[in-house]
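To start, the structure itself, in structure tokens.
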Amino acid sequence: MVNYIEASSAPLRNTGDIRLYGEEAFEGMRKAGQLTARALDGVAELIKPGTKTQEIDDFIRDFGEENGALPATLNYRGYKKYTCTSINHVVCHGIPNDKPLKEGDIVNVDVTYILDGWYGDSSRMYPVGQIKRAAERLLDVTYKSLMIGIDASKPGNTTGDIGAAIQEYAESERCGVVRDFCGHGVGQLFHDAPNILHYGTRGEGVELKPGMIFTIEPMINLGKPHVKVLHDGWTAVTRDRSLSAQFEHSIGITEDGCEIFTLSPKGYDKPPYILGND
Ligand code: MF3
Ligand code: CO
Ligand code: CO
């Protein structure tokens with residue numbers, strides 16, 4: 001049913017076929033992914049009580065400009081910012097603005113740089129000052145959900161194995177797994193086949209093969225999984241207003257597992273971020 005196609009001979013649009021990329025693509029993804037990761041490292045230094053999410057957006061614009069990269073979100077389906085900044089009960093696609101962050105907030109910053117045609121898509125959670133224990137626990141569970149999904153990402157497994165592993169773990173921690181948004185093929189397109197659901201059934205979905213490049217980006221709620229989108233057409237929030245968190249990496253399937261393109265060079269993959277040790 002599902003068709004795999006050699007990326008170099010495929011049209012540059014989402015046809016539903018799954019691209020299999022070669023070594024050159026992995027090299028391109030390493031560079032794009034590392035640029036995104038370095039930017040997210042910079043964000044860690046920026047975030048404190050009083051920082052405006054617009055300042056984060058400005059930083060991502062400037063860092064991209066300095067490094068010859070364009071943020072993929074700008075003008076994407078009418079979106080007008082360089083990042084998404086999603087605070088507390090905002091699940092994803094929060095729009096940067098001039099409201100200052102407050103002590104105790106948790107904020108996701110999601111960045112996708114396009115470098116030499118390759119899309120490096122990643123997001124992390126940032127605590128603002130001291131956060132509550134429940135929030136800390138949610139960040140732990142969400143980061144672990146991402147890494148459990150990455151552990152399941154190897155040839156022979158299916159996309160359903162990734163989703164099932166994440167869902168079983170997150171629900172065992174009494175958290176809700178958001179169904180309305182998913183990971184996606186990435187590489188030379190922003191959002192490509194296949195969809196990577198963060199819930200599901202082992203053995204279902206599509207088989208993972210070396211050369212596939214996609215994101216995993218679980219959104220995990222302290223409460224129920226249900227979300228609604230606000231009237232701005234973008235901001236997705238939890239219906240029960242419970243806290244929500246998300247981490248995202250771009251990865252490539254290798255012969256015996258996967259490679260993470262968006263790892264932090266400073267080790268700032270998960271909070272707490274111990275700043276200034278470079
Ligand atoms: N970066 C998001 C993702 O992980 C997509 C954001 S699209 C936007 O797929 F338009 F909301 F920015
Ligand atoms: Co993504
Ligand atoms: Co993203």
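In each ligand, atom 1 is the first atom listed, and ligand 1 is the first ligand listed. Here the structure is a predicted model, which means the values were calculated and not measured. These numbers come from the heavy atoms of this one structure, side chains and all, not from hydrogens, waters or symmetry mates. We number each residue from 1, following the sequence as shown.
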N/O of [X] under 3.5 Å from N/O of ligand 1, yes or no?
| X | result |
| --- | --- |
| Tyr79 | no |
| Asp110 | yes |
| Thr73 | no |

Does the distance from a Lys or Arg side-chain N to an Asp or Glu carboxylate O, for Glu255 and Lys154, drop under 4.0 Å?
no
Hey, which N, O or S atom on [X] ends up closest to the Co ion (ligand 3)?
| X | answer |
| --- | --- |
| Asp110 | OD1 |
| Asp121 | OD1 |
| Glu248 | OE1 |

In His184, which N, O or S atom comes closest to the Co ion (ligand 2)?
NE2
Do you know which N/O/S atom name in Glu217 is closest to the Co ion (ligand 2)?
OE2
Hey, is CD on Gln130 packed in by over 12 heavy atoms from elsewhere, all under 6.0 Å?
no
In terms of residue, atom name and distance, what is the protein heavy atom nearest to atom 9 (O) of ligand 1?
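Looking only at protein heavy atoms, the one closest to atom 9 (O) of ligand 1 is His191 NE2, 2.7 Å.
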How far is atom 11 (F) of ligand 1 from the closest protein heavy atom, and which atom is that?
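Its nearest protein heavy-atom neighbour is Trp234 CZ3, 3.3 Å.
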Flag for [Y]-[X]: side-chain donor and acceptor within less than 3.5 Å:
| X | Y | value |
| --- | --- | --- |
| His249 | Glu217 | no |
| Gln54 | Lys81 | yes |
| Ser244 | Asn221 | yes |

Lys209 NZ/CZ over Tyr4 ring centroid, <6.0 Å and within 45° of normal
yes
Tell me whether the NZ or CZ atom of Arg124 lies within the 45° cone about the ring axis of Tyr268 and under 6.0 Å from its centre.
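The answer is no; the distance or angle limit is not met.
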In terms of the angle between their ring planes, are Phe190 and Tyr76 parallel, tilted or perpendicular, with boundaries placed at 30° and 60°?
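The rings of Phe190 and Tyr76 stand perpendicular, inter-plane angle above 60°.
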Take the angle between the ring planes of Phe63 and Tyr113 and call it parallel below 30°, perpendicular above 60°, tilted in between.
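Ring orientation, 0 to 90° scale: tilted.
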Do side-chain atoms of Thr36 reach the backbone of Gly120 as a donor and acceptor pair under 3.5 angstrom?
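Checking the backbone N and O of Gly120 against the side chain of Thr36, a donor-acceptor pair under 3.5 Å is found.
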Taking 4.0 angstrom as the limit and counting only heavy atoms of [X], give me the atoms of ligand 1 inside it, by number and element.
| X | answer |
| --- | --- |
| Glu248 | 4 (O) |
| Glu217 | 3 (C), 4 (O), 9 (O) |
| His184 | 3 (C), 4 (O), 9 (O) |
| Phe190 | 1 (N), 5 (C) |
| Thr112 | 1 (N) |

The answer for which part of Asp121 has a heavy atom under 4.0 Å from ligand 1 is side chain
Using a distance threshold of 2.8 Å, state whether an N, O or S atom of His191 lies below it from the Co ion (ligand 2).
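It does not: His191 brings no N, O or S atom closer than 2.8 Å to the Co ion (ligand 2).
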What residue among Phe261, Tyr119, Trp118, Phe214 forms ring pair (Phe, Tyr, Trp, His ring centres under 6.0 Å) with Tyr21?
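Going through the options one by one, the only one that passes is Trp118.
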